[in-house]
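Take a look at the structure below.
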Amino acid sequence: RLPVPKLEDTIKRYLNAQKPLLNDDQFRKTEELAHQFEKGIGRELHEQLVAQDKQNKHTSYITGPWFDMYLKSRDPVVLNFNAFMSFNPDPKSEYNDQLIRATNMTVSAVRFMKTFRAGYLEPEVFHLNPEKSDTEIFKKIIRFVPSSLSWFGAYMVNAYPLDMSQYFRLFNSTRLPKLNRDELLTDEKAKHLLVMRKGNFYVFDVIDRDGNMVKPSEIQAHLKYILSDNSPAPDFPLGYLTSENRDTWALLRKNLLDSGNEEALQKVDTALFCLSLDDFPIKDFVHLSHTMLHGDGANRWYDKSFNLIIAKDGTAGINFEHSWGDGVAVLRFQNEVFKDSTKVPAVSPQSQPASVDSSRAVQKLDFKLNDALKAGITKAKQKFDASVESLSIDMIQFHEGGKELLKQKKVSPDAVVQLAFQMAFLRQYNQTVATYESCSTAAFKHGRTETIRPASIHTKKCSEAFVRELSKHSTEELQKLIVECSKYHGRLTKEAAMGQGFDRHLFGLRYLAQSKGIALPDFYQDQAYARLNYNIISTSTLVSPAVQLGGFGPVVPDGYGVGYQVHDDWIGCNVSSYPTRNGKEFLQCIHKSLENIFSVLKGKKVGS
C-alpha cells in the first residue's frame, strides 16, 4: 500500500524544495508557517488522513483526490492534460503503409485487450536485478506461490510488482463531460472500434458474437473501405467539442442527446478505442509532435482513453486522456502493440483484404445538429485554432554522449539532464523557478505519481558556478558540484518512487480540509506555496524501444513542457511553450549546458 509519509518528513522535504526559490526573508516566513502547520491544524489533518487511510485498505490515500483533481478541472483536456507518445516506424519499411499499419496495430491492440481480460497478460514488474528475477526459473517458481505471498517472494529478489489497476480503463472507455465534475465511463460489453477520418465517424465490430476477434483480413477490408470513402469532411466536425471548456461541452452534449444523437454518441463513448486516420504525411519531428499532441481538432475524440493516430505515411502515435491513468499503463500497451505488430504482423503488404461487404459491416455515424450546436462547434473550432496557433514545439538532439558515458563517470543520467534544465533557465532568465518531474508510484496499490523537485540548493549552486563564475572554479571543483547534484537527485528520485515525496501528501491534507469544510490553513495561503505549485518547468521522461518521442503542453501559460529521453550515446529533448517564453532559445541553453557538463566530466576545461 502507498504509505502516508510522516508529517515532519513532509515539512522538511517541502522546505528543502522551497529553499532555492526564496530569499532569506521569504524563506523565514514560509518556514514559520510550515512549522505552525506541522504543530497545529496540519497535525490534526494528518491524523485524520492516516485514520481514513486505515479504513480504506482497498485503495490509496491519493486515488480519490487525484481523480477529483483531474475530473473537476474545467480546462480543456487538449494541451492542458492529454499527452502523446509516438511509435517508432516499423523496421520493415513496406509495413509503414497506412492501411497495413492501421490493420496490424488494431489487431495487436485487440490481442492485448483479450489477453488482459482473460488474465493472461504478464504482470508488470520492475526488476532491480534482472539477472536474478527476470528469468524463466523465477517465473516458474513464483507462479505456484499464492498471490498473498508472491509479492513477498518477488521482493526477496528485488523484483517489484507494479499496480495494474488502471489497465481496464484503456478500452471501451471515455471521459464524459458533466457540469462541475466529469465522469469516467467503461462498457466492456461493446465490440466495436471507432474510426475517424476527415472528421467523419465510422464504427464496425472487431469482436464477434462469440467473443473472438474478427479476422484480420476483414478488419483490413473495413479500414480500406473507410480510407477510400469519398464523403467530404463535415461542415461542423463534432470532434472540436471535446477540446472545449468542460462545462461548455457538458451543456452542448446535453443538447446533442436531446436532439436525438443518443445512439451515435453511445457508439463513440463505448468503442474499444478511437483510431484516427489522418490524410497527410508527417514532415519532421516538430510536425509529428503537433500532429500527435493536438492535430487539427476535427479528426480526434480527445475524451477517449486514447486515440491511436496513424498518418498517411504510416507514422503512428497515441494521444491519451490523463484522468483515468498514467504513462506507465499506456507505455506497456504501446510496447506490446509495437512488438506484436512488428514481430508477428497479422497482415503483410501482399495480403489481400477479405471479400466482404464492408458497406454493410461499417456504419457511418450521422449527427443531427441544430443551430445552437453548429454555433457551439464553430466557437470551439475558433478557440482550438487560437490556442494551437500560439503553441510552439522545438527540439534538439545532443550527440556528444548519453547514458553510457554518464554511468562510466558514476553520475545519474537523469540528474545530469535535470541539472542542464536548471542551468539553461538560469542562463536564459537569470533565475531558479519551480520545476516538476513526474515519478510513478505504481509500486504501490492504486499508486499514481509523485513529484520529484529537481530544483535544489545543489543544482542552484552548481548552475551559478557554471553560468556566472566559471573562471573561479577548477574542473575538479565543478566535477564535485555535479556529483553532489547527482547524489541528491538520486535520493529525491528514490524517495518519490517509494511514496516518500511531499507533494501528494500536502495535496491530500489540503483536499481533506476542503472536503470537511475547514477554512484553508494559512500554510496553503502562503504565496510561496502557490509559487512552488506553479510549475514553470514541467518535465517527464521515458525511453522505450517502441517510442520515438513523447510530449505534452506547458502546464502554466508562461511555462515549458519538457519531454526528454536519455539514450546510450545521445540525449533527445523537446519543449513546448507559448509566446511569453522562447523554447528555441531555452533548448540552445540546454545544449550549451550539456556541452559544459560533459566537458567537465571528461576532465576538460570549459570554453565559456
Ala346 versus Val107, closest heavy-atom pair with distance: CB-CG1, 3.7 Å
Flag side-chain contact, heavy atom, 4.5 Å: Asp53 against Leu49: no
Please, which pairs that meet salt bridge (Lys or Arg N to Asp or Glu O under 4.0 Å) have at least one residue in residues 38-52, sequence neighbours excluded? Glu8-Arg43
Contacts of Tyr488 meeting ring-ring contact (aromatic ring centres under 6.0 Å, His included) (sequence neighbours excluded), chain-then-number -> His458
Using a 6.0 Å cut-off, check whether atom NZ of Lys602 has over 12 heavy atoms from anything other than its own residue. yes
I'd like to know if the side chain of Asn319 and the backbone of Leu293 have a donor-acceptor N/O pair within less than 3.5 Å. yes
Ignoring hydrogens, what is the shortest heavy-atom contact between Asn158 and Tyr160? Give both atom names and the distance. OD1-OH, 3.0 Å
Without placing hydrogens or testing angles, list every side-chain donor-acceptor pair under 3.5 Å for residues 135-142, not counting sequence neighbours.
{"residue": "Thr135", "atom": "OG1", "partner": "Lys132", "partner atom": "O", "Å": "3.4"}
{"residue": "Thr135", "atom": "OG1", "partner": "Phe138", "partner atom": "N", "Å": "3.2"}
{"residue": "Lys139", "atom": "NZ", "partner": "Glu122", "partner atom": "OE2", "Å": "3.4"}

Ring pair (Phe, Tyr, Trp, His ring centres under 6.0 Å) between Phe421 and Tyr560, worked out: CA-CA 11 Å; Phe421 299 158; Tyr560 287 131; 9.8 Å; no
Is any side-chain heavy atom of Leu45 closer than 4.5 Å to a side-chain heavy atom of Ile518? yes
Atom OG of Ser544 and atom CD of Gln565: how far apart are they, to the nearest 0.5 Å? 10.0 Å
Test log, rule side chain to side chain contact (heavy atoms under 4.5 Å, CB included), inputs Lys403 and Asp568: CA-CA 5 Å; Lys403 202 185 294 175; Asp568 285 343; 4.2 Å; yes
Decide, yes or no, whether a salt bridge links Glu495 with Arg491 under the criterion of side-chain N to carboxylate O below 4.0 Å. yes
For the atom pair OG (Ser412) and NZ (Lys487), what is the distance rounded to the nearest 0.5 Å? 12.5 Å
Between the side chains of Arg453 and Asn535, is a donor N or O closer than 3.5 angstrom to an acceptor N or O? yes
Flag the pair Cys462 / Leu419 as yes when at least one side-chain heavy-atom distance between them is below 4.5 Å, and no otherwise. yes
Exercise: identify the closest heavy-atom pair between Met105 and Ala316: SD-CB, 3.8 Å
Salt-bridge present (Asp340, Arg111; N to O < 4.0 Å): yes
All heavy atoms of Tyr61 vs all of Pro3, minimum pair found to be CE2-O, 3.4 Å
Taking C-beta and beyond as the side chain, do Phe523 and Gln36 meet within less than 4.5 Å on heavy atoms? no
Is there a donor in the side chain of Arg504 and an acceptor in the side chain of Thr449, or the other way round, less than 3.5 Å apart? yes
Distance-only side-chain donor-acceptor flag, Thr435 / Gln422, under 3.5 Å: yes
For His505, give me all partners under ring-ring contact (aromatic ring centres under 6.0 Å, His included), at least two apart in sequence or on another chain. His46
Looking at residues at least two apart in the chain, or sitting in another chain, which of them share a ring-ring contact (aromatic ring centres under 6.0 Å, His included) with Phe81? Tyr70
Do Ser515 side-chain atoms and Leu512 backbone N/O form a donor-acceptor pair below 3.5 Å? yes
Does the plane of the ring in Tyr529 sit parallel, tilted or perpendicular to the ring in Tyr524? Use 30° and 60° as the thresholds. perpendicular
Check whether any side-chain heavy atom of Cys573 lies under 4.5 Å from a side-chain heavy atom of Val562, and answer yes or no. yes
So, using side chain to side chain donor-acceptor pair (under 3.5 Å) as the criterion, who are the partners of Gln479 when residues are at least two apart? none
For a 4.5 angstrom cut-off between non-hydrogen side-chain atoms, does Ile482 reach Phe466? yes
Nearest atoms (heavy-atom pairs only) where Thr451 meets Ala496: O-CB, 4.2 Å
Rounded distance (nearest 0.5 Å) linking atom CG of Asn574 with atom CE of Met395: 4.5 Å
Counterpart residues, side chain to side chain donor-acceptor pair (under 3.5 Å), relative to Gln500 (two or more places apart): Arg13
Is the number of heavy atoms from other residues, nucleotides or ligands within 6.0 Å of CE (Met498) greater than 12? no
Among Tyr167, Phe306, Phe87, find the one that has a ring-ring contact (aromatic ring centres under 6.0 Å, His included) with Phe333. Phe306
Where the side chain of Lys460 meets the backbone of Pro20, is there a donor-acceptor pair that is under 3.5 Å apart? yes
By side chain to side chain donor-acceptor pair (under 3.5 Å), Ser305 pairs with (sequence neighbours left out) none
Min side-chain heavy-atom separation Pro65-Phe507 under 4.5 Å: yes
Compute the centroid of each ring, for Phe171 and then for Phe116, and state whether the two points are separated by less than 6.0 Å. no
Can you tell me if Thr441 uses its side chain to pair, donor with acceptor, with the backbone of Arg448 under 3.5 Å? yes
For Tyr511, all residues meeting ring-ring contact (aromatic ring centres under 6.0 Å, His included), sequence neighbours excluded: none
Heavy-atom side-chain contact between Tyr564 and Gln418 under 4.5 Å: yes
Looking at NE2 of His446 and OG1 of Thr59, how far apart are the two atoms once the value is rounded to the nearest 0.5 Å? 5.0 Å
If you compare all heavy atoms of Ser289 against all heavy atoms of Leu549, which two are closest, and at what distance to 0.1 Å? OG-CD1, 3.7 Å
Value for CZ (Phe320) from CG (Asn307), rounded to nearest 0.5 Å, stands at 12.0 Å
When you measure from the side chain of Asp303 to the backbone of Leu176, do you find a donor-acceptor pair of N or O atoms at a distance under 3.5 Å? no
Checking Phe552 now: which residues fulfil side chain to side chain contact (heavy atoms under 4.5 Å, CB included) with it, not counting sequence neighbours? Ala83, Ser538, Ser540
Walk me through whether Val157 and Asn129 qualify under side chain to side chain contact (heavy atoms under 4.5 Å, CB included). CA-CA 7 Å; Val157 289; Asn129 191 349; over 6 Å; no
Partners meeting side chain to side chain donor-acceptor pair (under 3.5 Å) with Glu336 (sequence neighbours left out): Arg332
Glu477: which residues meet the side chain to side chain contact (heavy atoms under 4.5 Å, CB included) condition with it, sequence neighbours left out? His473, Ser474
For the atom pair OH (Tyr95) and OG1 (Thr103), what is the distance rounded to the nearest 0.5 Å? 12.0 Å
